[in-house]
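Note sheet for the following structure.
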Amino acid sequence: MSTIAVPLAAYQILAGALFTIGVVGVLVRRSALIVFMSIELMLNAVNLSFVAFSRQHGSMDGHIFVFFVMAVAAAEVAIGLAILIAIFRKRETANVDDVHLLKG
Amino acid sequence: MDLATIIEAVVKVLIVLGFVLMGVPLIVWMERKVLGHMQDRIGPERVGPFGLLQTIADGMKLFFKEDMLPAQADKVVFFLAPGLSIVTALVAATVVPWGDTVTLFGREIGLRITDVNIALLFLLGTTSMGVYGIVLGGWASNSKYPLLGGLRSSAQMISYELAQGISLVPIVMITGSLSLSQIGRAQESMWFVVPQFFAFVIFVICAVAETNRAPFDLAEAETELVAGFHTEFSSMKFALYFLSEYANMMVVAGVAITCFLGAWHGPGPIPGVLWFLIKLSLFLFFFIWLRATFPRLRYDQLMGFGWKVLLPASLLNMAVTAVVLVMKG
Amino acid sequence: MSLQLLWLVPILPLLGALLNGLGAGRLPRKVVSAIGVGSVGAALVIALGCFATLLGMPGEERFFAQTLFSWIDSGDLSVAVRLGLDPLSAVMMLVVTGVGFLIHVYSTGYMNHEKDYGRYFSYLNLFTFCMLMLVLADNFLVMFFGWEGVGLCSYLLIGFWYTKPSAAEAGKKAFIVNRIGDWGFLIGIFLLFVTFGSLDFGRVFTEAPSILPLGGGMATAIALFLFVGATGKSAQIPLYTWLPDAMEGPTPVSALIHAATMVTAGVYMIARCHVLYALAPTALLVVAVVGAATAVYAATIGLVQKDIKRVLAYSTVSQLGYMFLAMGVSAFAAGIFHLMTHAFFKALLFLGAGSVIHALSGEQDMDRMGGLKKHLPRTHATMLIATLAIAGIFPFAGFFSKDEILWKAFSNGGPILWAAGVIGAFLTAFYMFRLYFMTFHGSERLTPEAKGHLHESPNSMTIPLMLLAVLSLIGGLIQVPLLQGGQRLDAFLEPVFADLARVGGAAAHGAAAAAGHGAAHAAHDPGQEIALMLVSLAIALAGIYVAHRFYVKDPQAPHRLAARARGWYDLLWNKYWVDEIYDARIVQPIVRLSNRLWKDVDAAVVDGAVNGIGRKIEQGAGWLRLAQTGYVQLYALILTVGLVVVFGYLALR
Amino acid sequence: MTEIILFSLFALTAVTCALGVVFHKNPVHCALLLVAVLLSLAGLFIMLHAQFIAALQVIVYAGAIMVLFLFVLMLLNVRRHEDVLTPGAAKGFGFLFALIVFVELLWVALSPGGGEQGSVGAPAALPQEFGSPAAIGRILYTTWLYPFEITSILLLVAVVGAVLLARRKFVG
């Protein structure tokens, strides 16, 4: 593997694209579940760039970060879905803009 | 990658694929025969000698049946789900070693399709993917019994996967490797079932649950859910589910043998591969025996057992093993 | 005993205070007594041990310092909680623990019927702790800590019977008047820090002669401000008014705090700062004049008071005036000597008075006493000794100390100060024997109720009385040989005051500014001293004689005299109307000003500003509230805008 | 060459499926497409010598988290014909800002030498153990021990919180 088959920039652009798609999902979808999935997408985009940088620098700290991101994502999903279920039970909806009790 | 390597890989894939696919009718026949005798009846005997060809005939029948598609079903997923099931089962089979290396035509050949160094993780990954086949099948039917069956089995499989994974950790700690062939080799002098008996028990219980077999076959509990997640499936799609269940049984049995029952090792001049097959047969017999003996659990009992008994027990076993290992240095 | 145990001396009473305070109301009385008395007793034992060790050391090395912990370390200011033991503080420590111990013992009898027994002993122990911190302090801040602590305890104990309005008022008065003095003390400390950059006694006093010019403005200012603090704590003109009112507290408290120990803190402080005062002759003169004036002034008020404790209170103020007079004429050792003997006999007087009050079920008016000699034999005997001591009759303790002060006043301060001292001595002899005769002699004027319960006090009260009587009797002997030069206490204290010699201008204030040593010793004239002694002795006897005439031979004489000099009598009886003047000229204007400040400044300006800001913020929040739409995705959008900005900055950087 | 083909394959799958996640109407399909994204990322991880992370990606993300998603989707049985996108201006702004973000990311990724040293040019030589479970375990339990422990506390909190939230009634 002496030649640079796939340059770092390619991974970065891919990560950027995925991240952007995630941003779009968060901003334009109404269903809270899809918003959650889009957030996962963004997290994974970041994970990809972490791993890519790790490979580039030959240091495994990036892997550790991915590990932590996964742990945090798991926690987030557990809590988020629990909240979602609670909301759904009360209001029969999973749309984020139907839930605005906190509005000023 | 020279030609020989490619040929070797293709041959091995064909062997495994053939073995699994051909083995399934045999196991089904065995199951029906054994169950029959255990229930004081004879079982299939008309088609072929001892009814050996009965399953083949059943397969042919399924093949020619009309493929039904429920009206409101999600077409894509409805097609995808059974395929997913069988693919994960077969992929998992690729890392199970059935013997040590042999020298053939001047080549050193490992008796497994691949020997990845994280085989155990690979296995856990593919089995965790296996859930999708069932869940999606249940959902895509757009029918309430399958949906319930799918939900049940998804919860059940994630729950038992945890205890199963953790029950394997002590083995990894002892051998210091995630490679199944390494683990197999490490049992030359002593099978891990001896020092890790509790882990073995937990693993077997989880294995039964993971394969959705009695007494943990809640996903397809006939008395409650008609046929569970595959109620709406017919013809070849049903055959694929059927196939994947038995393929999964073989994989799980293979892993149990590799990790706990000394892999291909055994006394006497019998070759390793044969030992492996003998153990496999016995283990499958044990599966069938279980089915004949135990009644089905209630669903809440099943979940409670998984989370409150098996998971703590496996964690405890892991901790004790860790302490013992550290103390032994 | 190792001096390393020194820290236990203040800590033991603190522990006692904590135990009794936390266990207040739950511990049985015996345990409370054991803790309260035991802790001070143990402190006394250790103090005696330390003192013995100190005596065993060569004179010049009698100094020991123990750093407990670093207290404040901020910028230039570095203060450690450090205890210092030298002959001066050793004497004070012995007085505090010794007299304190006896008064604790006495209290177990006197306060026996009290409901809040534990609280009382907790306060008393706390006071002992603070007082010990004050005298053992090795820097001004720790001293100030003790200074404030004893003030607090004084407040708590004066107001011990807080359900009685007059007691609560007296407590507040004591506290507030003390605070005025503390203000001066604090300013003095600030000036010291500004000047020396340190508050350690060692550094300040060593560097003072080289940094402060003799008689310079700064030295005078520091000395005067510190003296303001001393007048507050030691009840000198003009801040003496709280002390008579402080008699609202339990009598043992009056004995311990308002006679023997706390009120002498000012004297101790000036003695401790003698170097600074030596550098400020003007301040010394002020001290001497104020002391002499107070001595006479308070004595005159004491002539006519009817309340037995009030007489003693004014007597205390007067005697403290003597001590300040001694300080003012640079007779520091003599002042400390008088402080010590005064602690003995004044504590004895108060405790005796307490015994009388106890016997009469709380009666304090001397008009309703009389003829108690036969009923209270032990109290009578000890009181007589104490009265003789304070009147300055040979060979009681008061004679030695008072005469030494008068002699120093004459030789260092001149005839006017001496004359004031002698007049004070005459008045003291008179009003003390007035008290004695009115209480123990003459006809019994008791109320029937008091008569019914008349009894001698229990042993726990009389034994401390007798011990103090012995001390009053022989306490003066530590200053023998009598005449100037070579007295033991002076010799013991000498290392402390030796640094006066380094204050170059010893000559600036009379020939013998330096504690009666060196130059003063050379100019010493034994004949003159003996003559002065005889004069004051005669004066004291004259006072006793007049008192005898007035109150034993012809009990109607005082009334006739009062009727004839109505105006003078009223003036004295109303204490020169000082409280009224203070009220009209100081308190009321301040109250009016405070009311104006409250309504015009606080309510209008300060509250207005605060409320106005609050309203504005509320208004602004009302606007910002509109941004809070409750739509999660709007928030996400705003987040994204932020992301765009940050990324943009990073990209274009 | 193989590498480039594989990368293109995975990248294309990932992007297409990601777009599907965001724009598909049926939430279950969205979840399945997300699984596909995750699996292709796992493939990329293996290409980047992060075998352990890839395994985790499959087991934890695809095998557990996404199953949980599906589970909830089925449990709630979300109605299919709801308005999928946010209405009006919000949508427009969303697309606009997302586009700007992407342009900025592209700018950063493609600006030569703008990054830290080593971000461009040949990748570093890798040690034998790189990305293996043993190596990750070694630094996870030494250098990163405290964050690791704190993560465990976070997960515990999440477990407790999820159980409490999902209960039908709060007891007491």
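Within every chain, numbering begins at 1; the chains are lettered A, B, ... in the order of the sequence lines, protein sequences first and strands thereafter. Remember, predicted model here, so these are calculated numbers, not experimental data.
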Under the side-chain hydrogen bond (donor to acceptor under 3.5 Å, both in side chains) test, residues paired with Thr321(B) that sit two or more places apart:
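Once residues adjacent in sequence are excluded, the partners of Thr321(B) under the side-chain hydrogen bond (donor to acceptor under 3.5 Å, both in side chains) criterion are Gln196(B).
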For Val35(D), is it the side chain, the backbone, both, or neither that has a heavy atom closer than 4.5 Å to a heavy atom of chain B?
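Answer is side chain: those atoms of Val35(D) sit under 4.5 Å from chain B.
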Check whether Leu32(D) gets within reach of chain B through its side chain, its backbone, both or neither, counting any heavy atom under 4.5 Å.
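Only the side chain of Leu32(D) comes within 4.5 Å of chain B.
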Heavy-atom pairs under 4.5 Å with chain B are the metric here; pick the option from Ala55(D), Ala62(D), Pro133(D) that has the most.
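Looking at each option in turn, the highest pair count goes to Ala62(D).
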Check the pair Met157(B) / Val67(D) against side-chain contact (heavy atoms from CB on, under 4.5 Å), numbers first and verdict last.
CA-CA 10 Å; Met157(B) 287 173 85; Val67(D) 173; over 6 Å; no
Does the side chain of [Y] come within less than 4.5 Å of [X]'s, by heavy atoms?
X         : Y         : answer
Leu39(D)  : Met129(B) : yes
Leu151(B) : Phe71(D)  : yes
His29(D)  : Val77(B)  : yes
Leu70(D)  : Leu136(B) : yes

Please list all pairs meeting salt bridge (Lys or Arg N to Asp or Glu O under 4.0 Å) that have one or both residues in residues 307-329 of chain B, counting only residues at least two apart or in different chains.
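For residues 307-329 of chain B: none.
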Are there more than 12 heavy atoms of other residues, nucleotides or ligands under 6.0 Å from atom CH2 of Trp107(D)?
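12 or below, so no.
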For the OG1 atom of Thr126(B) and the CD1 atom of Ile59(D), what is their distance to the nearest 0.5 Å?
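The OG1 atom of Thr126(B) sits 8.5 Å away from the CD1 atom of Ile59(D).
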Which atoms of [X] come close to chain D, meaning under 4.5 Å heavy atom to heavy atom: side chain ones, backbone ones, both, or neither?
X         : result
Leu178(B) : side chain
Ala155(B) : both
Val131(B) : side chain
Leu121(B) : both

Evaluate side-chain contact (heavy atoms from CB on, under 4.5 Å) for Phe52(D) paired with Ile118(B), printing each intermediate quantity in order.
CA-CA 8 Å; Phe52(D) 184 68; Ile118(B) 52 167; 5.9 Å; no
Could you report the tightest heavy-atom contact between Ser128(B) and Gly63(D), atom names first, then the distance?
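The answer is OG-CA, 3.7 Å.
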